[in-house]
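Note that the coordinates shown come from a computational prediction; the quantities given were computed from them, not determined experimentally. Nothing fancy with the numbering, it's 1 onward along the sequence.
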Amino acid sequence: MGRSPLATCRNRIFPEASMEQAFQRMRDLDLQRCVIYFGFLAIFLFFGITLYDDGFLTSRNLTNIVLQTAPATIMAIGLVFALSAGEIDLSFGSVVAVAALSAAVAMQNGPMILGVAAGLGAGILIGAFNGALVAYLRLPSFLVTLATMGLFAGIARSMTDLRSIPVVNGTFNGVFGSGKLFGVPSLVIWTVIAVLIGHVIYRHTRFGAHVLAVGDNARAAQVSGIRVPRIRLLVLTLCGATAGLAGLLYAGRIQAAKYTMGESDLMTVIAAVIVGGTALNGGKGSIIGALLGSLMMGMLNNGLILMGLQVSDQMIVRGLIILIAVAISLREIRR
């Protein structure tokens, strides 16, 4: 018995092979990679429409979002490398405070270069300390950085007896905070430079390839000649360095250093990195995704504030976003 004219017409318009291929593409879709783009666009449109009269879409407000997220974006770059190598750093919030305070104290009795060296040096040394414990003593990075998070939070509090330290060096504040170059805010310039360098290293260098190989299968990477402990040391040192730079940006923007700096960044940065497509179990990540994730978290915070919601509500939203991102990540792992 022949096919009906309706079935023949349907198969001509929608061939069975084409439909099967379309469904296969949908099944193979990397949700973790695509969610950041859809999420970013959806949140932007939602707040743009609902808060149009409240000034969400004004250039001043959008620029402010970028400026506020600059330190978190810098830290997210370091965390992408750590997670991609199968490690994690929970201490970067405490490192931010120590770095900012170190820079502020150094500039009280010395030039700007001394403050920059003190801030970045503190971040690098703390990151190297974490990395050495993980790489050579083979301690879990989660437990190591959880411990050092509390350790260096206490050190930040004891450095200045809970007092904030003013940063009065105008050049420092201009370079790392409120200054502009050809009309472009310095915080935007730092963000662009960090993202470009991070993306090139992550995608187009041997080190980036080794990071992904270690995160994908550390034993196979070791057999192939990759120095796995060295990679682990370097990615955690990089986390410390990016946290140190974030501390300088915080200090330059508010022209002071406080022991509370970075305390609220842990959830924001982790959410930005995971939503941006970096796998929790290593072997996959995205610097551009982390940038978009950081901007998305900044838009959320900004939009919720304009809607009149409290800090507790913002924390709830960030927690829900992390849960959704983790669920998508684990779904990709099971596949």
Side-chain angles (χ1 to χ4, degrees), residues 25 27-39 73 75-92 127 130-131 133-136 138-146 194-242 266 269-294 321-335:
R25 292 192 190 99
R27 286 194 296 267
D28 293 340
L29 185 65
D30 189 344
L31 291 179
Q32 192 181 15
R33 181 176 299 176
C34 295
V35 69
I36 181 59
Y37 301 104
F38 293 127
T73 301
M75 287 184 280
I77 293 171
L79 190 59
V80 167
F81 280 89
L83 283 177
S84 296
E87 307 297 339
I88 191 169
D89 187 355
L90 302 177
S91 66
F92 52 78
N130 289 336
L133 293 177
V134 172
Y136 300 111
R138 298 185 179 182
L139 300 177
S141 58
F142 178 86
L143 296 179
V144 168
T145 57
L146 182 64
V195 169
L196 288 177
I197 294 176
H199 179 74
V200 170
I201 293 175
Y202 190 78
R203 289 297 180 191
H204 303 289
T205 66
R206 180 179 296 181
F207 172 69
H210 288 181
V211 167
L212 292 170
V214 171
D216 186 55
N217 191 322
R219 180 170 297 181
Q222 185 78 45
V223 172
S224 66
I226 297 175
R227 298 166 62 183
V228 174
R230 178 174 176 270
I231 295 298
R232 288 171 174 163
L233 171 64
L234 289 176
V235 295
L236 289 173
T237 302
L238 181 60
C239 275
T242 54
L266 181 61
V269 174
I270 291 177
V273 171
I274 296 176
V275 172
T278 299
L280 285 170
N281 64 327
K284 183 175 71 172
S286 171
I287 300 295
I288 304 301
L291 168 65
L292 293 177
S294 179
I321 289 176
I322 292 176
L323 284 175
I324 294 172
V326 168
I328 294 174
S329 178
L330 293 177
R331 177 183 179 276
E332 296 298 320
I333 294 172
R334 288 194 293 268
R335 289 176 61 187

If you compare all heavy atoms of Val80 against all heavy atoms of Ala290, which two are closest, and at what distance to 0.1 Å? CG2-CB, 3.7 Å

Return the minimal non-hydrogen interatomic distance between Gly293 and Ala272, and the atom names on each side. C-CB, 3.5 Å

Residues at least two apart in sequence or cross-chain that pass side chain to side chain donor-acceptor pair (under 3.5 Å) with Ser91, listed by chain then number, are Asp89, Asn130

Mind jotting down which residue pairs meet the salt bridge (charged side-chain N to carboxylate O under 4.0 Å, His left out) criterion with at least one end in residues 224-234? Sequence neighbours excluded, please. Glu87-Arg232

Qualifying residues under side chain to side chain donor-acceptor pair (under 3.5 Å), relative to Thr145, sequence neighbours excluded: none

Taking the side chain from Thr242 and the backbone from Cys239, do they hold a donor-acceptor pair closer than 3.5 Å? yes

Across all chains, not counting sequence neighbours, the side chain to side chain contact (heavy atoms under 4.5 Å, CB included) partners of Leu83 are Leu79, Ile88, Val273, Thr278

Distance, nearest 0.5 Å, that separates NE2 of His199 from CD1 of Ile201: 11.5 Å

Shortest non-hydrogen contact between Val134 and Ser141, atoms and distance: CG2-CA, 3.6 Å

Say you draw a straight line from CG of Leu234 to CZ of Phe81; how long is it, rounded to the nearest 0.5 Å? 10.5 Å

Are any non-hydrogen side-chain atoms of Val275 and Leu292 less than 4.5 angstrom apart? no

Residues forming a side chain to side chain contact (heavy atoms under 4.5 Å, CB included) with Leu143, sequence neighbours excluded: Pro140

With sequence neighbours left out, write down each residue that passes side chain to side chain contact (heavy atoms under 4.5 Å, CB included) with His210, or none if nothing qualifies. Arg206, Ile226, Ile231

Leu196: side chain to side chain contact (heavy atoms under 4.5 Å, CB included) partners, not counting sequence neighbours: Val192

Could you give the side-chain donor-acceptor pairs of residues 212-225 under 3.5 Å, partners two or more places apart or in another chain?
residue	atom	partner	partner atom	Å
Asn217	OD1	Arg219	N	3.3
Asn217	OD1	Ala220	N	3.0
Ser224	OG	Ala220	O	3.3
Ser224	OG	Ala221	O	2.7

Under the side chain to side chain donor-acceptor pair (under 3.5 Å) rule, collect the residues that match up with Thr237, sequence neighbours excluded. none

I'd like to know if the side chain of Tyr202 and the backbone of Ile197 have a donor-acceptor N/O pair within less than 3.5 Å. no

